[in-house]
Amino acid sequence: MKRIYLGIVGPIAAGKGVVTEYLSHKYGFISFSLSSIVHEELRRRGIKKFDRATLQNIGNELRAKYGNQVLAERALNILNHNGIKKMIIEGIRNPGEVKLLKKLSNFYLIAVTAKKHVRYKRLVSRKKPWDPKNWEEFLVISNRDLGLKEDKRGQQVGECIEMADHTITNNGDLKSFY
């Protein structure tokens, strides 16, 4: 069996995890989140308390030091080393990651989108400790995530969405999504 790679990109709380979970359960894909590499870097540095801005800053630092493709490169090293044939790379946030992954045969990029107010409602209900707590904080984080006023080594989710092979709009509940 040939390897198949799916990339998942989308703004904060659009439903990337829902798509990943569905594909994993329904079709046996193994998922790997690029943010796990950033979390590992936090552990390596001994940083125990952090917010989303810290996560974004660490990702930017890694891209500045090792290139915009570094997170995807590290993910592929882990996934390919383990012999996984059906893999999802979730949380793509920089075009350098997409460009590297698009060099693979059998790679498809899926964008998951949702309206801002829907994403904010989801974000508040999931209560991750690093997520913003109000609408104003959400807008700052969302704009940065999308790449507004961000350096090219920063998060550029908006540009990555434009590079997608397929787009899923996820403005409803789970039942309508499935």
Side-chain angles (χ1 to χ4, degrees), residues 2-38 52 55-56 59-60 63 68-73 75-76 79 84-126 128 131-132 135 138-178:
K2 285 184 178 180
R3 284 194 170 129
I4 185 165
Y5 303 88
L6 298 178
I8 306 288
V9 63
I12 182 174
K16 298 177 297 292
V18 172
V19 172
T20 298
E21 187 176 306
Y22 176 79
L23 293 170
S24 296
H25 285 95
K26 181 99 174 166
Y27 299 104
F29 280 85
I30 302 297
S31 69
F32 187 91
S33 176
L34 296 184
S35 68
S36 66
I37 294 166
V38 177
R52 184 163 297 275
L55 292 167
Q56 290 170 322
N60 291 1
R63 287 186 206 98
N68 288 346
Q69 78 297 333
V70 66
L71 300 180
E73 215 167 50
L76 287 175
L79 292 166
I84 297 167
K85 298 289 186 195
K86 292 165 57 175
M87 53 190 97
I88 296 172
I89 300 169
E90 180 188 356
I92 295 168
R93 288 183 159 72
N94 187 282
E97 297 158 356
V98 176
K99 289 173 187 169
L100 173 74
L101 294 167
K102 284 209 175 220
K103 291 179 182 177
L104 302 168
S105 61
N106 297 324
F107 173 78
Y108 305 93
L109 183 61
I110 301 169
V112 183
T113 63
K115 294 177 182 176
K116 276 186 188 177
H117 74 276
V118 172
R119 296 188 296 115
Y120 175 68
K121 187 176 176 182
R122 288 178 186 154
L123 185 133
V124 169
S125 69
R126 73 183 189 187
K128 287 186 179 180
D131 280 339
W135 178 252
F138 167 74
L139 289 177
V140 169
I141 294 299
S142 178
N143 288 341
R144 183 174 182 192
D145 185 51
L146 289 169
L148 303 177
K149 299 181 183 176
E150 271 291 290
D151 178 288
K152 287 297 177 188
R153 68 178 169 249
Q155 295 192 166
Q156 300 288 325
V157 170
E159 196 174 321
C160 294
I161 289 170
E162 292 175 16
M163 301 168 81
D165 300 302
H166 305 281
T167 300
I168 298 169
T169 302
N170 181 23
N171 288 319
D173 60 13
L174 279 178
K175 184 178 178 183
S176 63
F177 176 73
Y178 290 138

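Just so you know, residue 1 is the first one in the sequence shown, and it goes up from there.
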Rounded to the nearest 0.5 angstrom, the NZ-CZ distance for Lys152 and Arg63 is 12.5 Å
State whether Arg93 and Glu150 are salt-bridged, where the test is any N-O pair (Lys NZ or Arg NE/NH1/NH2 against Asp/Glu carboxylate O) under 4.0 Å.
no
Indicate yes or no for a side-chain donor-acceptor contact from Asn94 to the backbone of Gly154 under 3.5 Å, with no hydrogens or angles considered.
yes
Check the surroundings of atom NZ in Lys85: do more than 12 heavy atoms from other residues, nucleotides or ligands lie under 6.0 Å from it?
yes
How long is the straight-line distance from CZ of Arg126 back to NZ of Lys128, given to the nearest 0.5 Å?
4.5 Å
Any idea which heavy atoms bring Asp151 and Gln156 closest together, and the distance?
O-NE2, 3.0 Å
For Asn143 and Leu139, indicate whether the former's side chain and the latter's backbone hold a donor-acceptor pair under 3.5 Å.
yes
Excluding sequence neighbours, so at least two apart, what forms side-chain hydrogen bond (donor to acceptor under 3.5 Å, both in side chains) with Ser24?
none
Would you say that Leu6 contacts Leu23 through its side chain, given a criterion of any heavy-atom pair below 4.5 Å between the two side chains?
yes
Whether Tyr120 and Trp135 hold their rings parallel, tilted or perpendicular, with breakpoints at 30° and 60°:
perpendicular
Does CZ belonging to Arg153 count more than 12 external heavy atoms closer than 6.0 Å?
no
Counting distance only, does the side-chain N/O of Arg3 pair as donor-acceptor with the main-chain N or O of Asn106 below 3.5 Å?
no
Distance check, rounded to the nearest 0.5 Å: Arg122 atom CZ versus Asp131 atom CG?
13.5 Å
Ile12 backbone acceptor or donor facing Arg119 side chain under 3.5 Å
yes
Between Leu79 and Tyr5, does a side-chain contact (heavy atoms from CB on, under 4.5 Å) hold up when you go through it step by step?
CA-CA 10 Å; Leu79 292 166; Tyr5 303 88; 5.9 Å; no
When you compare the side chain of Ile168 with that of Val19, does any pair of heavy atoms fall below 4.5 Å?
yes
Would you say Lys86's side chain and Tyr27's backbone share a donor-acceptor pair under 3.5 angstrom?
yes
Once rounded to the nearest 0.5 Å, what's the spacing between atom CD1 of Ile8 and atom OG1 of Thr20?
4.5 Å
Closest non-hydrogen contact found for Ala75 with Leu34 is CB-CD2, 3.6 Å
On a heavy-atom basis, which atom in Lys16 and which in Pro11 lie closest, and how many Å separate them?
NZ-O, 3.0 Å
Ser176 side chain to Asp173 side chain, donor-acceptor N/O pair below 3.5 angstrom
yes
Do Leu109 and Ile161 have side chains that approach each other closer than 4.5 Å (heavy atoms only, starting at C-beta)?
no
Would you check if the side chain of Lys99 reaches a backbone N or O of Gln69 as a donor-acceptor pair within less than 3.5 Å?
no
To the nearest 0.5 Å, tell me how far Ser31 OG sits from Glu90 CD.
6.0 Å
Minimum heavy-atom distance Ile92-Val9, with the two atoms named:
O-CG2, 3.1 Å
Please step through side-chain contact (heavy atoms from CB on, under 4.5 Å) for the pair Thr167 and Thr113, ending with a clear verdict.
CA-CA 7 Å; Thr167 300; Thr113 63; 4.1 Å; yes
Taking the side chain as everything from C-beta on, heavy atoms only, tell me whether Phe32 gets closer than 4.5 Å to Ile88.
no
A side-chain contact here means heavy atoms from C-beta on lying under 4.5 Å apart; do Ile4 and Tyr108 qualify?
yes
Using atom types as modelled and distance alone, determine if a side-chain donor or acceptor of Glu97 lies under 3.5 Å from a backbone N or O of Gly91.
no
Minimum heavy-atom distance Pro95-Glu159, with the two atoms named
CG-OE2, 3.4 Å
Between the main-chain N or O of Ala14 and the side-chain N or O of Asn170, is there a donor-acceptor pair closer than 3.5 Å?
yes
May I ask you to test the Asn68-Val70 pair for a side-chain heavy-atom distance under 4.5 Å?
no
Does the side chain of Val118 come within less than 4.5 Å of Lys121's, by heavy atoms?
no
Tyr22: partners by ring-ring contact (aromatic ring centres under 6.0 Å, His included), with sequence neighbours left out
Tyr178
A cation-pi test, strictly: NZ or CZ of Lys102 under 6.0 Å from the centre of the six-membered ring of Phe107 and no more than 45 degrees from its axis. Yes or no?
no
So, do Gln56 and Ile141 sit near enough that their side-chain heavy atoms are less than 4.5 Å apart?
yes
Does either side chain, that of Asp145 or that of Gln155, offer a donor lying less than 3.5 Å from an acceptor on the other one?
yes
